[in-house]
Amino acid sequence: MSDILLTHGYFIGEDPKEQEIMKPYPTLGLLYISAYLRRAGFGVQVFDTTFARREELEARLSEGRGVLGVYTNLITRASVVKILGRARALGWTVVVGGPESGNYPDRYLDAGAHVVVVGEGEATLEELLPALATRGPHRLHGVAGTIFRDEDGKLVRNAPRPQIADLDSLPWPDREAIDLDRYVDVWREHHGSGSVNLITARGCAYRCRWCSHAVFGHTHRRRSPEDTAAELAWIHERYRPDQVWYADDVFTIHHRWLYRYQEELKRRGLRVPFETITRADRMTGSADRGEDPARVARTLAEMGCWRIWIGSESGSQRILDAMERGVTVEEVQWASRVLREHGIEVGMFLMWGYQGETVEDIAATVDHVKKSDPHTFLTTVSYPIKGTPYFEEVEPRLEAPPVWEEATDRDWVVRGRPPREYYRLADRWLRAEVEAHRLGGADPGRAAALLAEAARAREAMEAMDRERSLEVAR
Ligand code: B12
Ligand code: SF4
């Protein structure tokens, strides 16, 4: 008999897109919670849905009842809602947490949850589980970090819970609670190398307007280099991955930490290839300390970094400033070049459709990608995540998706913004022009065809803009 069964709503079998990509990672948050609660003496089970079928989870839920904890995020809402309804009908007491449910507490409570946990889950669950056992789900007044309905159905929002100050005090994620070898094998089977994820810090102090800070606020807390290196050594020993992924928000945010971490890895004779994400402005060594600007890139290369993803977002400084991104186009171009020089592949995230973006800004982005010359780039169309400044800014123009339970925050319609087709054209334009640029004179016939395709896409977008401005005038 366990005190809590933890799960999430992500089933790879229901995600045809990911079945093509096949780069799954487990949800670290649940594994952190599992390790923490076990250490505190609770009985914990984890049902990892990633490789399971929905019926298998249903069968597990039918076996008994108790407290079920479900991780929520933007993408899994519809799946989680189904799980909540089923669990509630089977008599489970249901607790939800993660980055999404705190943005929609009433909705999640209506969908079947008894309690919504906001922020970090470890200490809140430690207090909540005994409170649920003695007081039931409607008298949780005073349990910091929770939202619930009292016996009259009134929404009660308890005070937020202070964040965990010392991340080293946490046990490492309970990877043994799930079949992590299966993740490593899937990676190896599809990509020739197995990968495991870990984090070195929690939270990001930057304030990009579209980014969700629902869990960690604007704090930034780091683990010690020693504790992180010890975890890496254990992962390396236990799972033998070919690489790891540091799933931090901004891996190179703290340079002195990075250098100390490198020293610690050297001391242990540990060099595990890795991939991670960062911001371009945090790639430059500190000029005030008289440091070589390329020191960060060199350190990463020495540590085994083979690819770094940079949130570049736009090639238009006007748009970057509107996002309050705090990065310049030149910084991104510089970082891309220096990383390349150090043998590190550059991946670039780009975002279309931010407030006020015009065809000229898109042209600036195309130009920027050519200049930066990343090895790979991914585009998304911006979407307002509830709780972000961007959401508040566009709220007067938002149309809610008709059925909340089946939608995600990606389905909000921002009135006045061009349709999806417009951004498909932007993708075509970008890809064709960048490919032509990469040919570098090697195949003039192909380059001319690509440039013609890019020009057609741009013209189609301009025609759509003209059409839309006529509609506004009418
Ligand atoms: C790594 C990562 C990914 C990875 C891998 C995900 C994985 N399986 O690990 C990839 C690249 C695949 C990814 C994709 C996406 N991601 Co992502 N991702 C992250 C990132 C950077 C780290 C996640 C992590 O490991 N965190 C560390 C753990 C410890 O934190 P945690 O998960 O939040 O868990 C704590 C609490 O939430 C809580 N908790 C968690 N579960 C539960 C359960 C219960 C019952 C309770 C009580 C509490 C609780 O307690 C935990 C411990 O304190 C986060 C940002 C961040 N720093 O968290 C974004 C983030 C989660 N991603 C986000 C988004 C938007 C996406 C995408 C939708 C992007 C896209 N456009 O496609 C996709 C969705 C993919 C999917 N299938 O779910 C948003 C989510 C916003 C939202 N409202 O849901 C975040 C918050 C980024 C942001 N700042 O905007 N992501
Ligand atoms: S987008 Fe990245 S840098 Fe900006 S606030 Fe979010 S996590 Fe921080």
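Counting convention: from 1, in listed order, for ligands and their atoms alike.
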Nearest non-hydrogen protein atom to atom 76 (C) of ligand 1, with distance, is Ile75 CG2, 3.2 Å
How far is atom 26 (N) of ligand 1 from its nearest protein heavy atom, and which residue and atom is that? Phe216 CE1, 4.7 Å
Of all heavy-atom pairs between Val44 and Ser34, which one has the smallest distance, and what is that distance? CG1-OG, 3.6 Å
In the protein, which heavy atom is nearest to atom 31 (P) of ligand 1, and how far is it? Gly29 CA, 4.1 Å
Considering only non-hydrogen protein atoms, determine which one is nearest to atom 9 (O) of ligand 1 and report residue, atom name and distance to 0.1 Å. Pro26 O, 3.5 Å
Atoms in ligand 2 with a heavy atom of Cys204 nearer than 4.0 Å: 3 (S), 5 (S), 7 (S), 8 (Fe)
Would you confirm whether any non-hydrogen atom of the protein falls under 4.0 Å from atom 45 (C) of ligand 1? yes
Any idea which protein heavy atom is nearest atom 39 (N) of ligand 1, and the distance to it? Gly98 N, 3.5 Å
Give the atoms of ligand 1, by number and element, whose distance to some non-hydrogen atom of Gly69 is under 4.0 Å. 45 (C)
Counting only nitrogen or oxygen atoms and a 3.5 angstrom limit, does Thr27 reach ligand 1? no
Which option out of Tyr25, Tyr71, Tyr32 puts a heavy atom nearest to atom 32 (O) of ligand 1? Tyr71
Close approach of Thr76 to ligand 1, heavy atoms, under 4.0 angstrom: no
Ring center gap for Phe51 and Tyr183 short of 6.0 angstrom: yes
If you have a sec, work out which protein heavy atom is nearest atom 50 (O) of ligand 1 and how many Å separate them, to one decimal? Gly121 N, 2.9 Å
Polar proximity ligand 1 side, Leu74 side, N/O cut 3.5 Å exclusive: yes
Return yes when at least one protein heavy atom is under 4.0 Å from atom 1 (C) of ligand 1, and no when none is. yes
Option of least heavy-atom distance to atom 55 (C) of ligand 1 (set: Ile33, Thr7, Asp249): Asp249
Which heavy atom of the protein is the closest neighbour of atom 5 (C) of ligand 1, given with residue, atom name and distance? Trp245 CZ3, 3.9 Å
Atom 86 (C) of ligand 1 [closest protein heavy-atom partner, distance rounded to 0.1 Å]: Pro99 CB, 3.9 Å
Specify the protein heavy atom at minimum distance from atom 1 (S) of ligand 2: its residue, its atom name, and the distance to 0.1 Å. Trp210 CH2, 3.5 Å
Atom 13 (C) of ligand 1 protein-contacted, heavy-atom criterion under 4.0 angstrom: no
So the atoms of ligand 2 within less than 4.0 Å of a heavy atom of Arg325 turn out to be 1 (S), 3 (S), 4 (Fe)
Side chains of Tyr390 and Gln355 only: does a donor on one sit below 3.5 Å from an acceptor on the other? no
If we number the atoms of ligand 1 from 1 as shown, the ones under 4.0 Å from a heavy atom of Arg410 are 70 (C), 71 (N), 72 (O)
Suppose we call two aromatic rings close when their centres sit under 6.0 Å apart. Are Tyr108 and Trp404 close by that rule? yes
Under 4.0 Å from one or more heavy atoms of Glu122, ligand 1 contributes atoms 52 (C), 53 (O)
In terms of atom number and element, which parts of ligand 2 are under 4.0 angstrom from non-hydrogen atoms of His213? 5 (S)
Hey, which atoms in ligand 1 end up nearer than 4.0 Å to a heavy atom of Glu120? 50 (O), 53 (O)
Yes or no: does Gly119 have any heavy atom under 4.0 Å from an atom of ligand 1? yes
A student checking ligand 1 against Val215 at a 4.0 Å heavy-atom cut-off should list atoms 33 (O), 36 (C), 37 (O)
Any non-hydrogen protein atom less than 4.0 Å away from atom 63 (C) of ligand 1: no
For ligand 1, find out whether one of its N or O atoms is nearer than 3.5 Å to an N or O atom of Arg202. yes
Decide whether an N or O pair under 3.5 Å exists between Cys211 and ligand 1. no
Does Cys211 bring an N, O or S atom to under 2.8 Å of atom 4 (Fe) of ligand 2? no
Under 3.5 Å, is there a donor-acceptor pair between the His8 and Thr76 side chains? no
Show, in sequence, the C-alpha distance, side-chain angles and deciding distance for Arg209 and Glu324, and conclude whether the salt bridge (charged side-chain N to carboxylate O under 4.0 Å, His left out) test is met. CA-CA 6 Å; Arg209 292 177 67 80; Glu324 291 180 27; 3.1 Å; yes
Protein heavy atoms: any of them under 4.0 Å from atom 22 (C) of ligand 1? yes
Measuring from atom 4 (Fe) of ligand 2, which candidate in Cys208, Gly203, Ala205 has the nearest non-hydrogen atom? Cys208
Below the 3.5 angstrom mark, is there an N/O of Asn73, backbone or side chain, next to an N/O of ligand 1? yes
Kindly confirm or rule out an N or O of Ser212 lying under 3.5 angstrom from an N or O of ligand 1. yes
Test salt bridge (charged side-chain N to carboxylate O under 4.0 Å, His left out) on Arg161 and Glu120 and set out the steps. CA-CA 8 Å; Arg161 181 168 294 272; Glu120 290 173 305; over 6 Å; no
Would you mind running through ligand 2 and noting each atom that sits below 4.0 Å from a heavy atom of Arg279? 3 (S)
Any atom of ligand 1 sitting under 4.0 Å from a heavy atom of Lys386? no
Tyr206: numbered ligand 2 atoms lying under 4.0 Å from its heavy atoms: 3 (S), 5 (S), 8 (Fe)
For Val117, counting its heavy atoms only, list the atoms of ligand 1 lying under 4.0 Å from any of them. 47 (C)
Can you find an N/O atom of Tyr383 closer than 3.5 Å to an N/O atom of ligand 1? yes
Please determine if Arg202 and Glu122 form a salt bridge, counting it only when a charged side-chain N lies under 4.0 Å from a carboxylate O. yes
Distance under 6.0 Å and angle within 45° of the ring axis: does Arg175 meet both against Tyr239? no
Non-hydrogen atoms of Asp168 and Ser224 that approach each other most closely: OD2-OG, 2.6 Å
